[in-house]
> 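Structure below; questions to follow.
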Amino acid sequence: MTEEIKLFTRDELKCRNSREDAILIIHNGVYDVTKFLDEHPGGEEVLLEMAGQDATEPFEDVSHSSDARSLMKKYKIGELVEADRTQSKTAFSPQWNNDQQQEQGNSSWSSWLLPLLLGVAATVLYRFLFL
Ligand code: HEM
């Protein structure tokens with residue numbers, strides 16, 4: 001896919017907040033929800049309230065389903081210019097994953113060390129008591 005992504009600034013999107021032209025910024029992506037207003041299961045009011053603005057937080061607060069997230073793609077018209085982007089949750093997630101992996105690494109380390117020490121202790125005890 002060599003299609004170019006259209007870039008927008010937050011300033012130029014601010015005025016696109018009417019029923020006739022409604023855009024949303026979610027995770028630095030720009031969505032034209034004008035035709036979706038009537039169909040949104042959460043109602044058009046919530047979308048219009050956030051139109052022209054960054055709706056990432058309210059969007060995530062509702063914890064939309066994966067169906068809703070794939071539906072979003074249909075309405076995507078572009079992205080924010082680099083300078084206007086925020087550090088989104090997705091940008092943090094690799095770090096978060098690393099932390100998780102480290103934690104998992106630590107717990108697997110202790111999960112084999114403890115049985116090993118118990119095994120050594122049991123062997124020593126056995127030798128002293130029975131040999
Ligand atoms: C392109 C953007 C959006 C899409 C495609 C979308 C799609 C959907 C879908 C499919 C549902 C049904 C439940 C689900 O599947 O999760 C839903 C529910 C809902 N959405 Fe959105 N939504 C969008 C943006 C937003 C935003 C920005 C807000 C808040 C400002 C919002 C607020 C809600 C609420 C309150 C519900 C109802 C939840 C319920 O009754 O349980 N949505 N949305």
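As the structure lists them, so they are numbered: ligands from 1, and atoms in each ligand from 1.
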> Hey, are E79 and K6 close enough for a salt bridge, meaning a charged N less than 4.0 Å from a carboxylate O?
no
> Does the pair D11 and T9 meet the rule for a side-chain hydrogen bond (donor to acceptor under 3.5 Å, both in side chains), with working shown?
CA-CA 5 Å; D11 263 356; T9 63; 5.8 Å; no
> Please round to the nearest 0.5 Å and tell me the distance separating atom OG1 of T34 and atom OH of Y75.
10.5 Å
> Can you check side chain to side chain contact (heavy atoms under 4.5 Å, CB included) on I26 and M50, steps first, answer last?
CA-CA 10 Å; I26 298 172; M50 293 312 299; over 6 Å; no
> I'd like to know if K35 and E44 make a salt bridge, using a cut-off of under 4.0 Å between side-chain N and carboxylate O.
no
> Pick out the protein N or O atoms lying less than 3.5 Å from any N or O of ligand 1, and list each pair with its distance.
unit_1, atom_1, unit_2, atom_2, d
ligand 1, 15 (O), S65, OG, 2.5
ligand 1, 16 (O), S65, N, 2.8
ligand 1, 16 (O), S65, OG, 3.2
ligand 1, 20 (N), H40, NE2, 2.8
ligand 1, 20 (N), H64, NE2, 2.7
ligand 1, 22 (N), H40, NE2, 2.9
ligand 1, 22 (N), H64, NE2, 3.0
ligand 1, 42 (N), H40, NE2, 2.9
ligand 1, 42 (N), H64, NE2, 2.8
ligand 1, 43 (N), H40, NE2, 2.8
ligand 1, 43 (N), H64, NE2, 2.9

> Parallel, tilted or perpendicular, judged at 30° and 60°: which one describes the rings of H64 and F59?
parallel
